[in-house]
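Take a look at the structure set out below.
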Number of protein chains: 2
Amino acid sequence: MSGEPAYPETVTTPQRVEADLGWALARVVRAHLRTAEAVLAELPGGPRGHQVLAAAREGRPSTQLALARKLGIDRTVMTYLIDELVGAGLVERRPDPADRRARQILLTGKGEERLCTAQRRLREAEEHLLDPLEPVERDQLRALLQKLACSTDPATPCEVAAAVQECAEH
Amino acid sequence: MSGEPAYPETVTTPQRVEADLGWALARVVRAHLRTAEAVLAELPGGPRGHQVLAAAREGRPSTQLALARKLGIDRTVMTYLIDELVGAGLVERRPDPADRRARQILLTGKGEERLCTAQRRLREAEEHLLDPLEPVERDQLRALLQKLACSTDPATPCEVAAAVQECAEH
DNA sequence: TATTGTTATACTCTATAACTATA
DNA sequence: TATAGTTATAGAGTATAACAATA
């Protein structure tokens with residue numbers, strides 16, 4: 001180890017936009033969002049509704065705030081989102097027995113059905129989206145993104161802004 | 001080849017959100033955006049301004065519309081963005097000699113300087129962001145995203161919506 | 001007639017703040 | 001005093017439409 005950066009050529013060479021991580025990420029996310037919106041058009045809340053359902057199915061029942069944090073959604077938005085899902089009969093709100101301020105979000109039978117078909121369709125559409133990659137590469141990409149996503153700060157943009165401001169005040 | 005899906009276990013097993021591609025993408029993009037906004041705070045236009053500069057440096061001079069399409073930015077937004085960059089003296093608008101309706105966007109010397117330092121800082125910050133991954137994995141992720149991004153439809157959401165509507169009308 | 005760039009307007013989404021009920 | 005959830009309002013960002021200049 002000489003202290004030199006690990007990727008001298010990419011650092012010193014003027015980068016094209018195509019080599020920009022932000023550019024590639026934005027482009028892929030846009031494409032994925034388009035796909036997800038098309039596939040999940042009839043699902044209340046669209047792609048975000050789907051994520052709420054998927055998160056609600058896991059392990060012990062989550063509160064709205066826990067879901068909001070996990071999904072990077074503002075808690076005020078989460079209220080509307082869940083209203084929509086409750087209205088469609090896909091989830092239920094239940095007072096948390098351990099903390100009566102909080103509400104647990106539970107998947108209904110209908111919600112579980114809709115989630116299953118949604119995930120099946122989404123999976124197909126995603127494989128289509130990932131067509132330009134080799135099968136092995138698709139798995140690699142999924143795994144790498146998952147690994148990275150699981151170890152990044154889950155905070156919402158507005159929460160970060162608030163924290164920064166708070167920090168600056170002290 | 002038996003016609004069966006390549007990843008039966010992931011398709012049939014109920015997915016956790018953490019395994020959701022959309023979830024991981026959104027989370028990584030949010031983290032990257034936070035980083036980029038912090039690092040490029042003084043750059044006019046922020047992360048998008050940076051991308052415009054990077055795209056403007058490549059090859060032959062691009063028109064505003066070409067830049068907009070490449071970066072997935074609406075052309076009306078591109079006007080304001082470039083106004084900002086022109087105001088800061090980082091780019092220049094020049095009538096396209098081949099088509100007098102269009103304007104070529106050219107990087108000034110000052111723009112090139114700012115772009116270089118911005119990219120250096122961004123690169124550092126990104127490596128920090130990618131810390132959870134092994135060095136090899138970071139390269140893999142960059143390469144996979146780049147490959148995928150370069151082969152996806154560059155259209156802007158609103159352009160897609162317009163195209164869909166147009167399609168439905170005929 | 002179609003396209004590039006511009007501008008103004010309308011709209012959507014999100015953040016902010018204020019409130020309640022609990023802790 | 002702090003937190004979970006709700007609601008209303010304000011603000012940022014975006015799309016829509018209309019226009020001028022050119023193809």
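This structure is a prediction, so every number in the text was calculated from the model and none was measured.
Atom CD of A/E126 is separated from atom NE2 of A/H32 by 3.5 Å, given to the nearest 0.5 angstrom. Note that CZ of A/R103 is 11.0 Å distant from CD1 of A/I82, once rounded to the nearest 0.5 Å.
When the options B/L107, B/L43, B/L53 are evaluated for a side-chain contact (heavy atoms from CB on, under 4.5 Å) with B/L85, the one that passes is B/L53.
An OP1 or OP2 oxygen of C/dT14 is reached within less than 4.0 angstrom by a side-chain nitrogen or oxygen of A/R48.
One atom, CG of A/D74, and another, C1' of C/dT16, lie 9 Å apart when rounded to the nearest Å. Atoms CD (A/E84) and C1' (C/dT12) sit 14 Å apart, rounded to a whole Å. Remark: P of D/dT6 and CD1 of A/I105 are 8 Å apart, rounded to the nearest angstrom. Taking atom CG of residue A/L81 and atom P of nucleotide D/dT6, one finds them 12 Å apart after rounding to whole Å. The distance from atom CG of B/D96 to atom C1' of D/dT22 is 12 Å, rounded to the nearest whole Å.
Taking a cutoff of 4.0 Å between a charged side-chain nitrogen and a carboxylate oxygen, A/R138 and A/D131 qualify as a salt bridge. Under the 4.0 Å criterion applied to side-chain N and carboxylate O atoms, A/R94 and A/E92 are not assigned as salt-bridge partners.
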Listed pairs, N/O of protein and of nucleotides 1-8 of chain C, under 3.5 Å:
from, atom 1, to, atom 2, distance (Å)
C/dT3, O4', B/R101, NH1, 3.2
C/dT3, O2, B/R101, NH1, 2.8
C/dG5, OP1, B/Q64, N, 3.1
C/dG5, OP1, B/R103, N, 2.9
C/dG5, OP1, B/R103, O, 3.4
C/dG5, OP2, B/L65, N, 2.7
C/dG5, N7, B/R75, NH1, 2.9
C/dT6, OP1, B/R93, NH1, 2.9
C/dT6, OP2, B/Q64, OE1, 3.0
C/dT6, OP2, B/Q64, NE2, 2.7
C/dT6, OP2, B/T79, OG1, 3.3
C/dT6, OP2, B/R93, NH1, 3.1

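Checked against salt bridge (Lys or Arg N to Asp or Glu O under 4.0 Å), B/K110 has no partners two or more places apart in sequence or in another chain.
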